[in-house]
Number of protein chains: 2
Amino acid sequence: MLRLTKKADYGLMALKYLAEQAFVAEHAGPNATGARSAKDIAEAYHIPPQLLAKILQTLARAGLLVSHAGTNGGYALARSAANISAFEVIRAIDGPLFITSCITIHGTCDLAGHCTIKEPLRKVNDSITDLLAGIKIADLIEPTDHLPAAMAGGLVSIER
Amino acid sequence: MLRLTKKADYGLMALKYLAEQAFVAEHAGPNATGARSAKDIAEAYHIPPQLLAKILQTLARAGLLVSHAGTNGGYALARSAANISAFEVIRAIDGPLFITSCITIHGTCDLAGHCTIKEPLRKVNDSITDLLAGIKIADLIEPTDHLPAAMAGGLVSIER
DNA sequence: CCATGTACGACCATTTCAGTCTTGCTTCCG
DNA sequence: CGGAAGCAAGACTGAAATGGTCGTACATGG
């Protein structure tokens, strides 16, 4: 439970892949855009190509990727990898995230009076949002290791 | 997406309700245990009674509630409301939470080599776990308002 | 013009969720 | 004792979300 979908997983992987490609392109000629076809990415991660294609289209529609059709076309990051957050990716693919079913778009609980739990949970929701918003695609490259630290531990305490 | 199930919602509501009852029981005679039947709780929140019953059974099996059969039976908190975390409730009902499909019980990614995303996400996972573990049932009572503060904001930053 | 690639909608199988039904056991109380 | 109140637990069902496929159309570079 509380897991994100495989699509979101795939999306993050693809973004990471493109970020790496953009990085190498940066060190190549000016015509190397770092664009890769959906098929390439799918093969690199053994993801069903058609599915990945749809995900990338979604991401492009959300403005996180730029697409270029035709021969030698493909996708590339629309912005720097440091400016794309995991939150944006997840929201683009899985839609707005609400930890509890109570919280709708309007912030109103359908069980008007009786659902007294939603307010505290909304805080949790916001925290997770902030957490994910703080994680950029750029943070996903590099073999991790030295990045945890601040992420675990007593991040929060509710005062009563 | 990234939402918890209705069952977990219901479970939290029920726990909160029992916490409140335990509180009033505390101020009553020694024989007032604060135990309430599943039906009572279900009616208070307009939850399908049978469904709530199953949830409460799960919670009892997990050791968060104590049950007492027979006339005037019902459920009561097994511990103080300040010692039961939202995380325990959610895990008891929805099972262990793993934010990404990659992370299995064994911590191994089924896509051995190619899934390079899982390590950073595991940190996120841990953060959310900690976040939920820090929220106690006792924090859910009281008409909220003055409790947010620390929960929103720059909780985390990944160093690179 | 054709190979390569994106765009997009329809479709399908499987799983998960939410909820119901049924049956059985336990305890209290008259 | 016996019945009512209450928990325990498994089978079952309908609906929705997920994961994935297919087919077709459009764009573009050589």
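None of these values were measured; they are calculated from a predicted model. Each chain gets a letter, A, B and so on, in the order the sequences are listed, and its residues count up from 1.
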From [options], nucleotide with atom closest to [X] side chain:
| X | options | result |
| --- | --- | --- |
| B:Lys54 | C:dT20, C:dT6, C:dA10 | C:dT20 |
| A:Lys7 | D:dG19, C:dA18, C:dT26 | D:dG19 |
| A:Gln57 | C:dT26, D:dA9, C:dA7 | C:dA7 |
| A:Gln50 | D:dA4, D:dG23, C:dA7 | D:dG23 |
| A:His68 | C:dT20, D:dT28, D:dT18 | D:dT28 |
| B:Thr71 | C:dA3, D:dA4, D:dG19 | D:dA4 |

**Comparing A:Ala8 and B:Leu56 on DNA chain D - which has the more 5′ nearest nucleotide** =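 This one resolves to B:Leu56.
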**Message:** Here's a test of your reading of the structure: between A:Gly70 and A:Pro49, which maps to the more 5' nucleotide of DNA chain D?
**Reply:**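 On the 5' side of the pair lies A:Pro49.
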**Message:** Tell me whether A:Asn72 at atom CG has more than 12 heavy atoms from other residues, nucleotides or ligands lying less than 6.0 Å away.
**Reply:**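 No, CG of A:Asn72 has 12 or fewer neighbouring heavy atoms, counting only those of other groups under 6.0 Å.
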**Prompt:** If you take all heavy atoms of B:Ala8 and B:Asp94, which pair is closest and at what distance?
**Reply:**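 Heavy-atom minimum between the residues: CB-OD2, 3.6 Å.
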**Request:** Indicate yes or no for a side-chain donor-acceptor contact from B:Arg79 to the backbone of B:Asn83 under 3.5 Å, with no hydrogens or angles considered.
**Result:**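 Confirmed, B:Arg79 side chain pairs with B:Asn83 backbone.
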**Prompt:** Hey, is the main chain of B:Ser127 close enough, under 3.5 Å, to the side chain of B:Asp130 for a donor-acceptor pair?
**Reply:**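 Side chain of B:Asp130 to backbone of B:Ser127: no pair is present.
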Atom pair distance, as rounded to whole Å: [atom1] in [X] and [atom2] in [N]:
| X | N | atom1 | atom2 | answer |
| --- | --- | --- | --- | --- |
| A:Leu51 | C:dC8 | CG | C1' | 14 Å |
| B:Tyr75 | D:dA5 | OH | P | 17 Å |
| A:His46 | D:dG19 | NE2 | P | 20 Å |
| B:Asp94 | C:dA18 | CG | C1' | 12 Å |
| A:Ile55 | D:dG19 | CD1 | P | 9 Å |
| A:Ile47 | D:dT21 | CD1 | C1' | 16 Å |
| A:Lys6 | C:dA13 | NZ | P | 18 Å |
| A:Asp40 | C:dT6 | CG | C1' | 13 Å |

**Message:** Need to verify one output field. Residue with the more 5' nearest nucleotide on DNA chain C, A:Arg61 or A:Asn72?
**Reply:**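 It is A:Asn72, whose closest nucleotide lies nearer the 5' terminus.
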**Asked** Within the structure shown, what part of the strands sits under 4.0 Å from B:Ala38 by heavy-atom distance: base, sugar-phosphate, or nothing?
**Response**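 Answer is sugar-phosphate: B:Ala38 comes under 4.0 Å of backbone atoms only.
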**Message:** Side-chain N or O of B:Thr5 versus OP1/OP2 of C:dT16: is the shortest distance under 4.0 Å?
**Reply:**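 Looking at the OP1 and OP2 atoms of C:dT16, neither is under 4.0 Å from any side-chain N or O of B:Thr5.
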**Request:** Would you indicate, yes or no, if D:dT18 has its OP1 or OP2 atom less than 4.0 angstrom from a side-chain nitrogen or oxygen of A:Tyr10?
**Result:**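 For D:dT18, OP1/OP2 do not have a side-chain N/O of A:Tyr10 under 4.0 Å.
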**Joint hydrophobic cluster, B:Ile137 plus B:Val66, side-chain heavy atoms closer than 4.5 Å** =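 No, no single cluster joins them.
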